[in-house]
Amino acid sequence: MNPTVYVSTVLVWIYAPLDMNPVLKYSGLFFLLLLFTIFMIVDLKKSSDSLLPEGGSTPPKVDATARLEGMLDREEFISDWEEFMAKREAKERRIENEFKPDQIDCYPVNIWDDFADGDDTYAYVEDRKIPSTLKFLVLNHLMQFAQTLDLVKDGLVKIRMEFDDSVLKYPLFVGDPECEFSLYRRWELKISCPNHEVLEELVGKLAKVPDFQGKKIDVYSES
């Protein structure tokens, strides 16, 4: 409704001849106000609908270039993962095939000492030349010996075997050569230990583990 027409109509109605019936005059004015309100609501709805798509919701502003770049990023990420996994599998097969027991003097086992009292820590065979299958056997041998210790039998220390793959924790390291070097997957002994004093006692007792396949297991604790 044209506002000018509306205002003119209202003024004519208000200043109509004074002898007009007051009831008729004011009821007509009320009707015009009501009609104007209805037209305004309709006009506002049409104006807002013209700005929105069918369904009344704002469409997402998708930049085709950004979407394409996102797809390319995902493809590159998948490609990096495939390449990383292939290289890792090839490296592990090479270590398995090339390893000779006379290449090492002992099996070094590090029990990580950088942990808060009450938290778990872990032990692992700290030699990249040793195959994963052999590391499992070494740690299993050490765990079997640990079960004979009073610290474990009394429940003060708990030990279990787990397989840890760090790439599951840090997937974005894949594709970055410097970060990839720090990734690993290995067998570990998870150790629940109340504090560092008990850990030090445990390390001393584990150091007396019998040899495995004719070689010493060198147990130490550092970070």
What do the steps show when you test F173 against S182 for side chain to side chain contact (heavy atoms under 4.5 Å, CB included), and what is the final call?
CA-CA 9 Å; F173 280 15; S182 65; 3.9 Å; yes

Apply salt bridge (Lys or Arg N to Asp or Glu O under 4.0 Å) to residues D102 and K100 and explain how you reach the verdict.
CA-CA 5 Å; D102 58 7; K100 300 291 189 298; over 6 Å; no

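Among residues two or more places apart in sequence or in another chain, the ring-ring contact (aromatic ring centres under 6.0 Å, His included) test is passed with F115 by H196.
Residues I191 and L202 meet the side-chain proximity criterion, which asks for heavy atoms closer than 4.5 Å. No side-chain heavy atom of Y122 sits less than 4.5 Å from a side-chain heavy atom of D164. In this structure the side chain of N140 reaches within 4.5 angstrom of the side chain of M143, judged on heavy atoms. Two residues are said to be in side-chain contact when any heavy atoms from C-beta on lie closer than 4.5 Å; L183 and R88 fail this criterion.
For the side chain to side chain donor-acceptor pair (under 3.5 Å) with S223, the qualifying choice from D113, N110, T121, D114 is D113, the only one to do so.
Sequence neighbours left out, the pairs with a member in residues 203-222 that pass side-chain hydrogen bond (donor to acceptor under 3.5 Å, both in side chains) are E126-Y220.
With a 6.0 Å cutoff to the six-membered ring centre and a 45° limit on the axis angle, R185 does not count as a cation-pi contact of F84.
How far CD of Q147 is from CG of L142: 10.0 Å, rounded to the nearest 0.5 Å.
Under the 4.0 Å criterion applied to side-chain N and carboxylate O atoms, E92 and R186 are not assigned as salt-bridge partners.
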